[in-house]
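A short write-up of the structure that comes next.
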Amino acid sequence: MSMNRILAAGILGAALATTALTPTFAETLRVMQGAPSGALNVPMNRAVVVESDVPFAELSIANPGIADISTLSDKSIYVLGKAPGRTTLTLLAADGTLISNVDVQVTPDIAEFKERLQQILPGERIEVRTANDGIVLSGTVSSSAKLDRALDLASRYAPDRVSNLMSVGGTQQVMLKVRFAEVQRNVSKKLSSSVGIRDSGKLFGETGTWLDGSNDPFSGGAVLAQDSNSGIGFGGSIGALEFSVLLEALESKGMVRTLAEPNLTALSGQEARFLAGGEYPVPVSDNGGIKIEYKPFGVDMVFTPTVVDGDVINVKIAAAVSSIDTTVAAQTTAGPVSGFKTRLTSTTVEMRDGESFAIAGLLQDDFRDINGQVPWLGDVPILGALFRSADYQRSQSELVIIITPHLVTPTRGEALALPTDRVRVPTEGELFLFGKVAGKANTPEGEVARQDFNGAYGYVME
């Protein structure tokens with residue numbers, strides 16, 4: 001290879017290397033003597049070239065902390081943005097006359113931020129602008145989660161200088177349907193006996209409790225206890241020895257069903273509360289005196305919904321069902337105060353629109369068995385049953401709490417129906433002649449909703 005070709009290849013390689021290392025300026029501003037110059041926008045940590053139509057002899061920058069300058073030639077200036085802000089660049093000619101004052105504004109570099117924003121949140125309509133030394137975001141995003149991502153990314157380019165003017169599109173109101181279902185079963189059985197034996201009117205043997213008025217089965221006859229459903233009594237005498245036997249039996253069964261379905265609507269991110277019940281007065285001490293505080297009871301629900309993305313809903317909920325328990329009481333100077341029976345749950349779950357979660361469940365089984373007898377006599381086969389008493393009690397309860405969130409939108413008032421639309425005050429003729437306590441509803445709303453309470457009332461669900 002000839003020397004000329006080697007030199008040509010070397011010059012070409014140097015030119016390519018120089019081209020690769022030379023920064024691409026965001027903007028070039030031309031300054032003409034005697035003419036007003038436009039504002040120079042310089043991205044932070046980026047450079048812009050200023051070209052003058054006449055040679056300059058002196059340069060100055062008002063605030064070197066905002067922008068730095070260096071000369072490329074007698075007509076070209078290299079301006080580097082250092083910190084967000086606004087300053088002035090002054091160009092002077094050789095004779096000291098003013099060529100121009102250039103308004104330099106250094107802003108955060110949003111070009112790279114826009115690229116990253118499109119990569120992370122494609123398809124979102126977010127507009128990015130600069131204001132003073134910060135970033136302004138505007139437009140509409142599809143969910144609050146994407147809004148948080150955009151703000152987090154912007155804070156990395158302009159920490160503590162991000163203005164949020166974005167709005168969240170789509171449905172942002174959530175209706176939470178909560179179902180409390182509880183079943184209680186109680187079974188109680190009792191079998192007891194009373195035996196009396198006497199000789200010449202002197203009582204010397206007994207078991208259980210005498211169940212007549214004088215605690216003596218031989219005077220006036222034995223009677224059943226108040227909690228007994230049935231009994232068998234018999235007696236007799238053998239010579240001077242008299243005896244009396246009373247067998248009592250009790251069996252009771254019961255079942256209680258409790259069902260509550262509170263519905264509540266709230267805006268995404270806002271707390272809402274629902275209480276259906278009452279308030280119980282509780283006396284408390286107050287500087288030597290007594291004051292009354294009221295404790296709420298009934299169906300209580302507090303929840304905070306957050307629409308995360310699309311139809312995904314994050315629900316923070318605290319739900320409780322409480323009632324006054326008269327079997328538990330505390331004695332105070334103001335009188336007895338009853339306790340409360342409460343079923344409470346507090347949790348956070350995430351699900352889609354229309355999906356359900358059983359957030360709490362309780363299965364409780366209480367059993368009690370008591371057997372009392374006369375020593376030794378109760379162990380006698382067959383006849384020992386007359387000297388024993390047994391008490392059997394079993395209580396079972398099952399509780400389930402299920403929640404279902406729905407995205408809802410408001411509707412026109414004419415489409416809503418109320419429970420009162422079904423009821424009309426009867427006329428005097430309907431009340432006294434026909435004995436009707438309610439008149440027939442003839443309003444359009446009543447015609448829509450007069451059948452029953454089933455279905456969605458007051459909501460439009462998607």
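All heavy atoms count here, side chains included; hydrogens, waters and symmetry mates do not.
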Pairs satisfying salt bridge (Lys or Arg N to Asp or Glu O under 4.0 Å), at least one member in [range], at least two apart:
| range | answer |
| --- | --- |
| residues 114-124 | E112-R116, E124-K146 |
| residues 336-348 | E182-R343 |
| residues 292-308 | R273-D300, K291-E293 |

(request) Name all pairs fulfilling the ring pair (Phe, Tyr, Trp, His ring centres under 6.0 Å) condition that reach into residues 290-315, sequence neighbours left out, sorted by first residue then second. (result)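 The answer is none; no pair qualifies.
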Is there side-chain contact between [X] and [Y], with at least one heavy-atom pair below 4.5 Å?
| X | Y | answer |
| --- | --- | --- |
| V79 | L40 | yes |
| I61 | D68 | no |
| V162 | L151 | yes |

Nearest-0.5 Å distance, [atom1] of residue [X] to [atom2] of residue [Y]:
| X | Y | atom1 | atom2 | value |
| --- | --- | --- | --- | --- |
| I359 | T345 | CD1 | OG1 | 4.5 Å |
| L399 | Q184 | CG | CD | 9.5 Å |
| I120 | L153 | CD1 | CG | 4.5 Å |
| N263 | M175 | CG | CE | 5.0 Å |
| R161 | S155 | CZ | OG | 11.0 Å |
| I317 | F357 | CD1 | CZ | 13.0 Å |

Taking all heavy atoms of [X] and all of [Y], pick out the closest pair and write down the distance.
| X | Y | value |
| --- | --- | --- |
| V48 | N41 | CG2-O, 3.8 Å |
| P405 | M351 | CD-SD, 3.2 Å |
| L176 | I403 | CD1-CB, 4.1 Å |
| P426 | E430 | CA-OE1, 3.4 Å |
| A150 | L137 | O-CD1, 4.0 Å |
| L267 | Q173 | CD1-CG, 3.7 Å |

(message) Is it the case that atom CD in E428 sees more than 12 heavy atoms from other parts of the structure closer than 6.0 Å?
(response)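 No, because the 6.0 Å sphere around CD of E428 holds 12 heavy atoms or fewer from other groups.
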(request) Answer yes or no: are there more than 12 heavy-atom neighbours, outside F367 itself, under 6.0 Å from its atom CZ? (result)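 Counting other residues, nucleotides and ligands, CZ of F367 exceeds 12 neighbours.
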(request) Using atom types as modelled and distance alone, determine if a side-chain donor or acceptor of S322 lies under 3.5 Å from a backbone N or O of G298. (result)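 Such a contact is found between S322 side chain and G298 backbone.
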(request) Using modelled atom types only, decide if a donor and an acceptor are shared between the side chain of T304 and the backbone of K316 within a distance under 3.5 Å. (result)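 Checking the backbone N and O of K316 against the side chain of T304, no donor-acceptor pair under 3.5 Å is found.
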(request) Scan for side chain to side chain donor-acceptor pair (under 3.5 Å) pairs involving residues 395-405, sequence neighbours excluded, and state none if there are none. (result)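 Qualifying pairs, neighbours excluded: N186-S395, S356-T404, D365-Q396.
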(message) I126 vs L117, test: side-chain contact (heavy atoms from CB on, under 4.5 Å). Steps then yes/no.
(response) CA-CA 9 Å; I126 303 177; L117 196 62; 3.8 Å; yes
(request) Using the test salt bridge (charged side-chain N to carboxylate O under 4.0 Å, His left out), find all partners of E127 that sit at least two apart in sequence or belong to another chain. (result)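 Result, salt bridge (charged side-chain N to carboxylate O under 4.0 Å, His left out) vs E127: R129.
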Which residues pass the side-chain contact (heavy atoms from CB on, under 4.5 Å) test with [X], not counting sequence neighbours?
| X | value |
| --- | --- |
| D311 | R352, D353, L407 |
| R368 | I370, D391, Q393 |
| V337 | Y280, V282, P283, T332 |
| L433 | none |

Review item, side-chain donor-acceptor pairs of residues 80-89, under 3.5 Å, at least two apart:
| residue | atom | partner | partner atom | Å |
| --- | --- | --- | --- | --- |
| K82 | NZ | P64 | O | 3.3 |
| R86 | NH1 | D103 | OD2 | 2.7 |
| R86 | NH2 | Q105 | OE1 | 3.2 |
| T87 | OG1 | N63 | N | 2.9 |

(request) Please name the residue in the list S268, S167, P305 that meets the side chain to side chain contact (heavy atoms under 4.5 Å, CB included) test with Q172. (result)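 Testing Q172 for a side chain to side chain contact (heavy atoms under 4.5 Å, CB included) against S268, S167, P305 leaves exactly one candidate, S268.
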(message) Using the side chain to side chain donor-acceptor pair (under 3.5 Å) criterion, which residues pair with D325? Sequence neighbours excluded.
(response)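 D325: side chain to side chain donor-acceptor pair (under 3.5 Å) contacts with T327.
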(request) In sequence, state the C-alpha distance, the side-chain angles, and the governing distance for L259 and F180, and then conclude on side-chain contact (heavy atoms from CB on, under 4.5 Å). (result) CA-CA 5 Å; L259 178 64; F180 297 87; 5.9 Å; no
